[in-house]
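Protein chains get the first letters and strands the later ones, always in sequence-line order, with residue 1 at the start of each. Model, not experiment: these values are computed from the prediction.
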Amino acid sequence: MKTIHRSLVIEPNAGLKRLLQSSLDPSNTWISSECHTEALLKKIMQIQPDLILVDASAADTNTFELTETIQQLNKLSANVMVLAGQIFQKPEDLIKTVTGIIRNFPQKQLSDSTISSLYSQLGLSQDSFAQILRVSPRTLARWLAGTAKPSPSHRDRIEKVKLFYRKISKLLRPDGIRKYLFAYNENLDRKRPFDLLVAQDFDSVLADLAALEEGVYA
Amino acid sequence: MPEKIERILKNISFEPFDAIVFRNVAKDFDALSITGSFNLGGRWNLKESFGAIYTSLKKEVALAELERSVSRRGLALADLGPREMVRLKVSLKKVLNLTDPAILKDLALNRQELTEEGWKKTQKLANSIWKAKLEGVLAPSAAANGVNLVIYPDNKHQDSTFIEQDRMILRLK
């Protein structure tokens, strides 16, 4: 099964790393043996994973450094899971567990924490967020309560909002995100980015963010 | 009008340009990227036609350009996440110097037209400059009293270079 989220597995053991590489989809899963905090954080910023799995049991791991890294990771928006690899008798069991976690991750995510964290991180009310997702506030409330799940087309829309959030959260401080969404933007024909997102014109808003990222002159 | 400009550009002498210039970008962002300018367009490039690297000869001018760009989005510098000022070492063979009054006269333009609010005139001129295979343009900043260098990587001469020298975190208030 192909997953729709991005995962990063931190596996300091070279043998296990090779086994993981042959078992996981390389288009959306990255495997790193890097445990040094600074280098690892740089990699995480590049990949922007939704899920980070850390094997904290490898014999060649510097425990102090890894602990420091995990403390840093907890400040990020990605979900972090720490595995104690030594509890598995065979390497294959660890591989099976890691692939299982990655495979089962998106379904759980989309039905609870992603949606609720997304709208609050964007500084939106539930009603405004429902407008962007093109659902009724009642449907959104049911998703948030876990009594209903988004359809595949709604999941695609949520993915677009996630992509937008990934981009904007790198460029603006939390207060600035809401301000950006509701300000009349001269680069967007004096339209508000929020209205363009409601009209599903994500491309225009992402183009404006790319220009801001790059420092294009007006 | 564009044909006329293109005809004039053929007869203008172009200057080489060697200097350190400044570019503001988001933290850890590729300092030579032109994706954003290509997708949105800017004062000196046409949307989805060709991209440009926007730089300034002085750090203060690059910062003023950033402030202008965020205010057009209804934001202030304090709303921005981490950003960096990158120093680029630039060596170009063919640059049009629009701060030279003689060149402006040849093109029947004045400084004000290059810095006014709309982008129509500058984008039209930029299109002619890009088509004439020039590597860049020196133009007055619309944000501050200073000069910008806009580089067109598509037209890079084989002996020209523009490379990242170093970068520092911007402290934004």
Of the listed residues ([options]), which shares the most heavy-atom pairs with chain B below a 4.5 Å separation?
{"options": "A/A207, A/G176, A/S169, A/A183", "value": "A/A207"}
{"options": "A/D203, A/D175, A/L212", "value": "A/L212"}
{"options": "A/K179, A/R192, A/R190", "value": "A/K179"}

So A/L206 and B/N39, side-chain contact (heavy atoms from CB on, under 4.5 Å) or not? Walk me through it. CA-CA 9 Å; A/L206 288 172; B/N39 289 342; over 6 Å; no
Could you tell me whether the side chains of A/Y217 and B/S141 share a donor-acceptor contact shorter than 3.5 Å? no
Is B/T55 close to chain A through its backbone or its side chain, or both, or neither, when contacts mean heavy atoms under 4.5 Å? backbone
Taking C-beta and beyond as the side chain, do A/E214 and B/R23 meet within less than 4.5 Å on heavy atoms?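 When only atoms from C-beta onward are counted, B/R23 and A/E214 do touch, with a gap below 4.5 Å.
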Taking [options] one by one, which has the highest count of heavy-atom pairs under 4.5 Å against chain A?
{"options": "B/L80, B/T122, B/I34, B/T35", "answer": "B/L80"}
{"options": "B/P82, B/A142, B/A78", "answer": "B/A78"}
{"options": "B/A52, B/G42, B/A31, B/S37", "answer": "B/S37"}

Surrounding NZ of B/K93 (heavy atoms of other residues, nucleotides or ligands, distance under 6.0 Å), is the total greater than 12?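 Yes, NZ of B/K93 has more than 12 neighbouring heavy atoms, counting only those of other groups under 6.0 Å.
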Look at atom NZ of B/K58 and say whether more than 12 heavy atoms of other residues, nucleotides or ligands are closer to it than 6.0 Å. no
Out of curiosity, B/K27 NZ to A/E213 CD, how far, rounded to the nearest 0.5 Å?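 Reported value, rounded in 0.5 Å steps: 13.0 Å.
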Give the C-alpha distance, both sets of side-chain angles, the deciding distance and a yes or no for side-chain contact (heavy atoms from CB on, under 4.5 Å) between B/L40 and A/N187. CA-CA 8 Å; B/L40 187 79; A/N187 291 339; 4.1 Å; yes
Under 4.5 Å, heavy atom to heavy atom, which residues of residues 61-76 of chain B contact chain A?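 Within residues 61-76 of chain B, near chain A: B/A62, B/E65, B/R68, B/S69, B/V70, B/R72, B/R73, B/G74, B/L75, B/A76.
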Those residues of residues 148-169 of chain B, ordered by number, that approach chain A below 4.5 Å (heavy atom to heavy atom):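 The stretch touches chain A at B/N148.
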